[in-house]
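Remarks on the structure that follows.
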Amino acid sequence: MTPATRPTRLVMGLALAAAFAACAPAASGQPAGAASPPAEQTSRARATGDAWLDGRLADIDQYAARYPEAFAAELERYAGVPRAYVHGLLAQPGWGGGDAWFACFLARATEATCRSVVRARTLAGADADWEQVADGFGARPGSPPWLAMRLALADSYRRWARPLEPDAALSRALRARAQDESAAADRDRR
């Protein structure tokens, strides 16, 4: 290599590195120029009445901000909510990914529509907590709809290949579901 080509290679290498850096947000699943959710969306308490679930909803905020398409696909496929509705909801002030997930899976667990849950929370006011909204749909911590939401959360985390440390209640629910599925498989074989 001649001395004249060294600077050219260095400049080209720096230009290539700059190009890759500019593409990094798109490669991570986040559109270039996309901002993180506002701090008030990610730092405020969810107030579901379930501290373990509140922490997972805050984590879902981060996941939805980083992977908006995968998040919207999850809600479309498993909660029955159109992607455009999910994106529109996330664009509203005060709505993070955890809120959207909770609203749509609360609706699924209580056989309501996500729109009706979103409407109930909106009518309750900006400071309404999720515990009040869920109670209005017959879902209190420990109730069958509540346990269904916790199992749905475990399923979402599994599909997202995201680590999840279940608490004692979720561990029991996962074991019970596995036993029920095993018993059903045994009946089907007979």
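Just so it is clear, the structure is predicted and the values come from calculations on it, not from any experiment. The basis for the numbers below is simple: all heavy atoms, side chains too, and nothing from hydrogens, waters or symmetry mates.
- Within the 3.5 Å criterion, the main-chain N or O of Val133 finds no donor-acceptor partner in the side chain of Arg121.
- Annotation: side chain of Cys114 is in contact with side chain of Tyr85 (closest heavy-atom distance under 4.5 Å).
- The side-chain hydrogen bond (donor to acceptor under 3.5 Å, both in side chains) contacts involving residues 169-184 comprise Asp155-Arg177, where partners must be two or more places apart or lie in separate chains.
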So Tyr63 and Tyr67, ring-ring contact (aromatic ring centres under 6.0 Å, His included) or not? Walk me through it.
CA-CA 6 Å; Tyr63 181 85; Tyr67 306 106; 5.1 Å; yes
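- Residues Pro163 and Tyr157 fail the side-chain proximity criterion, which asks for heavy atoms closer than 4.5 Å.
- Taking the centre and axis of the six-membered ring of Tyr78, the NZ or CZ atom of Arg159 falls inside the cone set by 45° and 6.0 Å.
- Heavy-atom minimum distance, Pro68 versus His87: O-CE1, 3.8 Å.
- Looking at Leu53 and Asp167, their side chains never come closer than 4.5 Å, going by heavy atoms from C-beta outward.
- Here the side chains of Trp101 and Arg56 are not in contact, with every heavy-atom distance at 4.5 Å or above.
- Residues Ile60 and Phe102 have side chains not in contact (no heavy-atom distance under 4.5 Å, counting atoms from C-beta outward).
- A donor-acceptor pair under 3.5 Å is absent between the side-chain atoms of Ser143 and the main chain of Ala139, judged by distance alone.
- Nearest heavy-atom pair across Gly49 and Pro141 is O-CG, 3.8 Å.
- Among Asp54, Asp99, Thr48, the single residue meeting the side-chain hydrogen bond (donor to acceptor under 3.5 Å, both in side chains) criterion with Trp130 is Asp99.
- Under 4.0 Å is where a charged nitrogen must lie from a carboxylate oxygen, and between Glu69 and Arg83 at least one such pair does.
- In this structure, CG on Leu151 lies 13.5 Å from CH2 on Trp146, to the nearest 0.5 angstrom.
- Counting heavy atoms from C-beta on, the side chains of Thr113 and Val117 never come closer than 4.5 Å.
- Nearest approach of Ser116 to Phe137, heavy atoms of both residues: O-CZ, 3.7 Å.
- Leu147 and Phe105 are not part of a single hydrophobic cluster, where members link through side-chain heavy atoms under 4.5 Å apart.
- Taking both residues in full, the closest heavy atoms of Leu174 and Ala154 are given as CD2-CB, 4.1 Å, listed atom of the first, atom of the second, then distance.
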Run the side-chain contact (heavy atoms from CB on, under 4.5 Å) check on Gln62 and Asp59 step by step: do they pass?
CA-CA 5 Å; Gln62 294 172 6; Asp59 181 58; 4.0 Å; yes
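- Residues Ala100 and Leu75 approach most closely at O-CD2, 3.8 Å, considering heavy atoms.
- Looking at Asp61, its side chain does come within 3.5 Å of a backbone N or O of Gly97 through a donor-acceptor pair.
- Taken to the nearest 0.5 Å, the CZ atom of Phe71 stands 5.5 Å off from the CG atom of Leu90.
- Residues satisfying the salt bridge (charged side-chain N to carboxylate O under 4.0 Å, His left out) criterion with Arg115, sequence neighbours excluded, are absent altogether.
- Taking each heavy atom of Pro82 and Gly80 in turn, the nearest pair found is CD-O, 4.0 Å.
- Within the 4.5 Å cutoff, the side chain of Leu164 has no heavy atoms near those of the Arg158 side chain.
- Residues satisfying the salt bridge (charged side-chain N to carboxylate O under 4.0 Å, His left out) criterion with Asp186, sequence neighbours excluded, are Arg189.
- Between Glu74 and Trp160, the closest side-chain pair of non-hydrogen atoms falls below 4.5 Å.
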